[in-house]
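Read the structure below first, then the notes.
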Amino acid sequence: MKIDKCKIKKNIALMLVLMLIFSVSGCGSQETFYETGLGGLGSANGTGLASGDEGDDEDSGEDSGDSDTVDYVEQEYAETENADFQEFIWNYFKDTVTDSAMSYNQYIMYDDSYDLDKDSIVATLGDATISDATIAEDKKEDEDFYNELLEFEDAELTEDERFTYECMKCDTEIAMHYYDNPYLDDPFSPMRGLQSNIVSAFLEYRFDDKGDIDDYLEMLSQVRDYFGGMIEYEKARSEKGLFMNDKNADDVIQQCDDMLEKTEDNIMITEFGEMLGKLDFITAEEKAAYEETNKEIVLSTVLPAFEDLKAAFQELKGTCKNENGLYYFDGGKDFYQNYIFPVYSGSAKTVDEEIAFLDSRANTLITNMMTLSYSYPDAYQDYSDNYGEFFKIYDDLGPKGIIDMLQEDYMEDFPFEEKVPFEVDYMSDTLSKLHKSTLAYYNTNPADNPDYNIIKVNSLSTEGVFDTLAHESFPGHAFQFWYFRSTKPNPGRILESNLGYVEGWAVYSAYQTCLKCDLDGRENADIIMQLNNIDQEFGYLMAERVDLGVNYEGWTYDDALDYLSEWGMGEDALEYWFDAATGDPGIFLSYSVGYYEMNELREKAEDALGDKFVAKDFHKVILDAGPCQYAMLEKKVDKYIHDNQ
């Protein structure tokens, strides 16, 4: 998922204003701040500042859990695989991957990697009809799958099989809460919606042979019908009083206008030609024929689909019965707690527990920032004066050079033995404008080719991207997917893509990387990078806190503004976050909660193991586990602690 990180960065800079308020209020001596406030963030060696002073969790007011207690219970596992369970997870994998040409293309690059019949796969976007009847059918299918899975509850399974079973069971139980209130799910939400993602889905489609091009064109020809089914669903949501507020509706209409702005030189036409231009298995004549077919489909089907959507939203705009969050819909609060929160965060905490943590953590971050400003005034002044400029010193290397540097100089604490293959692919100017707030993103590699790692970079925004590339490439997304694919996980685990784990790792590992960055020998670089991490974290925290407040506690816009005002922030920060919270509930959870859960596991391991803690070994445990809910990941960490105490 691509989040508007630029806007996040812009907003969190506002917390610097708050420092002026605290500096004149008087909150104790700098020695007191130093002793009680610096343990929360951690550093490359987990000790806060370079001096090694650790914070006092009790004084910080944060409840990080009983990290000295390891709830590890020795289990006995089967020595040989369970044939029935292996057949079950294989069928699950096969049914998912071969469901459509789109899903096959996402997971499989080489047709002989698995025993799959590609010729039987239908090039279809599927039936977009959503109604009470189709929802009931889907629920019945999912219940049948769950009941079939439960047949292995008491079966003899290997350790890997048991972990796979528990992950699948946990995921399915959470996913089933979708049916508690399915009409609260919006297919055209501003950030996650079909209209904002379908272009990327097609333009990231991989052409491995001519059949892929044919499938692409066939699916492209179905876009209008697919939109039509979803539009009917939106009308049903409107009749139930669930249509989005006017501000978010305007955003969707604007997205349609952006797509419809160009016709003959529309992005779906120009980019398709560039995609074909990279292929060596088609002739010039075939390329021209394909381009003509694509152009005809875009003009006759794709653009009319966006016209249909725009017209529908213009008609439905104004039917909103709730300008605020899910809290004000019948069952909305429960839907948020039982479905949205665990799906996007990966956390087993309750929302109330998360709120208490965030409010306490915000205080700790302010204290940490103040302590650094008092203890290192020159470094703080440098940070304040040059906010957003520090990483530009690496711009001359270019994105590829920066990624090479990340692999060569910043992977010591990760299970990294040799350079991982990757390619940097620049978005065209047109695509870069469409994704103007996205500096870079990672295209998830196929299951059967870990070495196929593409980092897409915005061709118009290549300045100061060190931290972004650390998040997207190494040791972030590219490394985590390359590593897990390289372990050759069983088919059931290949399909797992828990967002809380995926984004939590990327945020956590990028923070660790930044803490080691010396900014090419800049004075006080270690302090500057700690300030940078605090600032970044504070922004994610506030974005999440607004989301929880709006959707779970029932905050109105004014309520959210009152909360942010307490932290020295105003409407410049709130407008974006409030729109995101009402239009795409939970959109920031994978970044913020994901990071906190990941960091909490590290703190638990450090506290329990002391001098025996080795960052590289801990990271290996996390990456070996692969994407999963944090309750499952904690079991792996508990075993790591038990085995090393």
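Only this structure's heavy atoms are used, side chains among them; waters, hydrogens and symmetry mates stay out.
- In this structure, F272 and I213 have side chains that are in contact, with non-hydrogen atoms separated by less than 4.5 Å.
- Both the sub-6.0 Å distance and the 45° axial angle are not jointly satisfied by R206 relative to the ring of Y216.
- The aromatic ring centres of Y595 and Y540 sit 6.0 Å or more apart.
- Side chain of E353 to backbone of T350: a donor-acceptor contact under 3.5 angstrom is found.
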message: Please evaluate residues K247 and E323 with respect to the criterion salt bridge (Lys or Arg N to Asp or Glu O under 4.0 Å), reporting the C-alpha separation (whole Å), side-chain torsions for both, the decisive distance (0.1 Å), and the verdict.
response: CA-CA 9 Å; K247 175 61 172 65; E323 297 287 339; over 6 Å; no
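- Here CG of D562 is found 11.5 Å from OH of Y557. Values are rounded to the nearest 0.5 Å.
- The CD atom of E274 sits 13.0 Å away from the CE atom of M427 when rounded to the nearest 0.5 Å.
- Between the side chains of E503 and Y508, no donor-acceptor pair is found at a separation under 3.5 Å.
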task: Decide yes or no on salt bridge (Lys or Arg N to Asp or Glu O under 4.0 Å) for E234 and R237, but give the supporting numbers first.
output: CA-CA 5 Å; E234 280 289 359; R237 293 183 72 249; 3.1 Å; yes
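- No side-chain donor from either of D265 and T270 sits under 3.5 Å from a side-chain acceptor of the other.
- Using modelled atom types, no side-chain atom of S473 and backbone atom of A478 make a donor-acceptor pair closer than 3.5 Å.
- Side-chain contact annotation: T263 with N266, donor-acceptor N/O pair under 3.5 Å absent.
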- request: Would you sort out whether L561 and F578 count as a side chain to side chain contact (heavy atoms under 4.5 Å, CB included), showing the intermediate values?
  value: CA-CA 9 Å; L561 184 59; F578 190 85; over 6 Å; no
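- For CD of E291, the number of neighbouring non-hydrogen atoms (other residues, nucleotides, ligands) closer than 6.0 Å is greater than 12.
- The aromatic rings of Y563 and W555 sit tilted, their planes meeting at an angle between 30° and 60°.
- The backbone N or O of E544 sits nowhere less than 3.5 Å from a side-chain atom of D547 that would complete a donor-acceptor pair.
- Using a 4.5 Å heavy-atom cutoff, the side chains of I269 and E264 are not in contact.
- Between the side chain of D584 and the main chain of R192, a donor-acceptor pair closer than 3.5 Å is present.
- Put simply, CG on D579 and CG on D251 are 6.0 Å apart, with the number rounded to the nearest 0.5 Å.
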query: Does the pair N363 and S360 meet the rule for a side-chain hydrogen bond (donor to acceptor under 3.5 Å, both in side chains), with working shown?
result: CA-CA 5 Å; N363 277 304; S360 175; over 6 Å; no
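- Under the 30°/60° scheme for interplanar angles, the aromatic rings of F474 and F479 are found to be tilted.
- By the 30° and 60° cut-offs, the orientation of the rings of Y630 relative to Y501 is tilted.
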- request: Assess whether salt bridge (Lys or Arg N to Asp or Glu O under 4.0 Å) is satisfied between K235 and E232, documenting all intermediate values.
  value: CA-CA 5 Å; K235 292 178 180 179; E232 290 304 310; 3.5 Å; yes
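- Residues D250 and Q254 have side chains that never bring a donor and an acceptor to within less than 3.5 angstrom of each other.
- Annotation: cation-pi geometry satisfied between K333 and Y552 (NZ/CZ under 6.0 angstrom from ring centroid, within 45° of ring axis).
- Using a 3.5 Å distance cut-off with no hydrogens or angles, the side chains of E597 and S347 do pair a donor with an acceptor.
- The aromatic rings of Y336 and F341 sit tilted, their planes meeting at an angle between 30° and 60°.
- For E423, the CD atom is loosely surrounded, since the number of other residues' heavy atoms within 6.0 Å does not exceed 12.
- Y442 and F422 have their aromatic ring centers separated by at least 6.0 angstrom.
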message: Assess the residue pair I587 and Y344 against the criterion (side chain to side chain contact (heavy atoms under 4.5 Å, CB included)); give the C-alpha distance rounded to whole Å, side-chain angles, the decisive distance to 0.1 Å, and a yes or no.
response: CA-CA 7 Å; I587 192 73; Y344 290 105; over 6 Å; no
- prompt: What do the steps show when you test D425 against K456 for salt bridge (Lys or Arg N to Asp or Glu O under 4.0 Å), and what is the final call?
  reply: CA-CA 5 Å; D425 186 13; K456 301 281 282 190; 2.9 Å; yes
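- When atom types are taken as modelled, the side chain of T513 and the backbone of A470 share no donor-acceptor pair closer than 3.5 angstrom.
- The closest side-chain donor-acceptor pair between D395 and T462, if any, does not fall under 3.5 angstrom.
- Side-chain contact check for S432 and N458: at least one donor-acceptor pair (N or O, by modelled atom type) lies under 3.5 Å.
- Among the candidates F227, Y233, Y226, the single residue satisfying the ring pair (Phe, Tyr, Trp, His ring centres under 6.0 Å) test with F188 is F227.
- The pair E463-K392 meets the salt-bridge criterion, since a charged nitrogen lies less than 4.0 angstrom from a carboxylate oxygen.
- Looking at N498 and E496, their side chains come closer than 4.5 Å, going by heavy atoms from C-beta outward.
- Judged purely by distance below 3.5 Å, without hydrogens or angles, the side chains of T134 and T129 never pair a donor atom with an acceptor atom.
- A heavy-atom distance below 4.5 Å is not found between the side chains of V199 and N197.
- Looking at Q106 and Y205, their side chains never bring a donor and an acceptor atom within 3.5 Å of each other.
- When each of C167, C170, S497 is paired with C628, the side chain to side chain contact (heavy atoms under 4.5 Å, CB included) condition holds for C167 and for no other.
- Using a 4.5 Å heavy-atom threshold, the side chains of Y591 and L499 count as separate.
- With hydrogens and angles ignored, the 3.5 Å screen pairs a side-chain donor or acceptor of N294 with a backbone N or O of M268.
- The local environment of CG in D330 is sparse, with at most 12 non-hydrogen atoms from other residues, nucleotides or ligands closer than 6.0 Å.
- Contact detail for D215 and A123: the closest heavy-atom pair is OD1-CB, 3.5 Å.
- Counting non-hydrogen atoms of neighbouring residues, nucleotides and ligands closer than 6.0 angstrom, the CD atom of E143 exceeds 12 such neighbours.
- Separating the CG atom in L365 from the CZ atom in F538 is a distance of 7.0 Å, to the nearest 0.5 Å.
- Not one N or O on the side chain of N105 forms a donor-acceptor pair closer than 3.5 Å with the backbone of A101.
- Checking side-chain atoms of Q222 against main-chain N and O of L125 turns up a donor-acceptor pair under 3.5 Å.
- Judged by distance alone, with hydrogens and angles left aside, the side-chain atoms of R224 form no donor-acceptor pair with the main-chain N or O of T301 at under 3.5 Å.
- No hydrogens or angles considered: nothing links the side chains of N181 and Y339 as a donor-acceptor pair under 3.5 Å.
- N248 is listed as a side-chain neighbour of P190, based on a closest heavy-atom distance under 4.5 Å.
- Looking only at side-chain heavy atoms (C-beta outward), H477 and I455 stay at 4.5 Å or farther from each other.
- Here the straight-line distance linking atom CG of L303 with atom CD of E261 works out to 12.0 Å at 0.5 Å rounding.
- No side-chain N or O of N532 forms a donor-acceptor pair with one of Y511 less than 3.5 Å apart.
- Distance SG/C256 to CG/D258: 9.0 Å, rounded to 0.5 Å.
- With hydrogens and angles disregarded, no donor-acceptor distance shorter than 3.5 Å links the side chain of N551 to the backbone of Y327.
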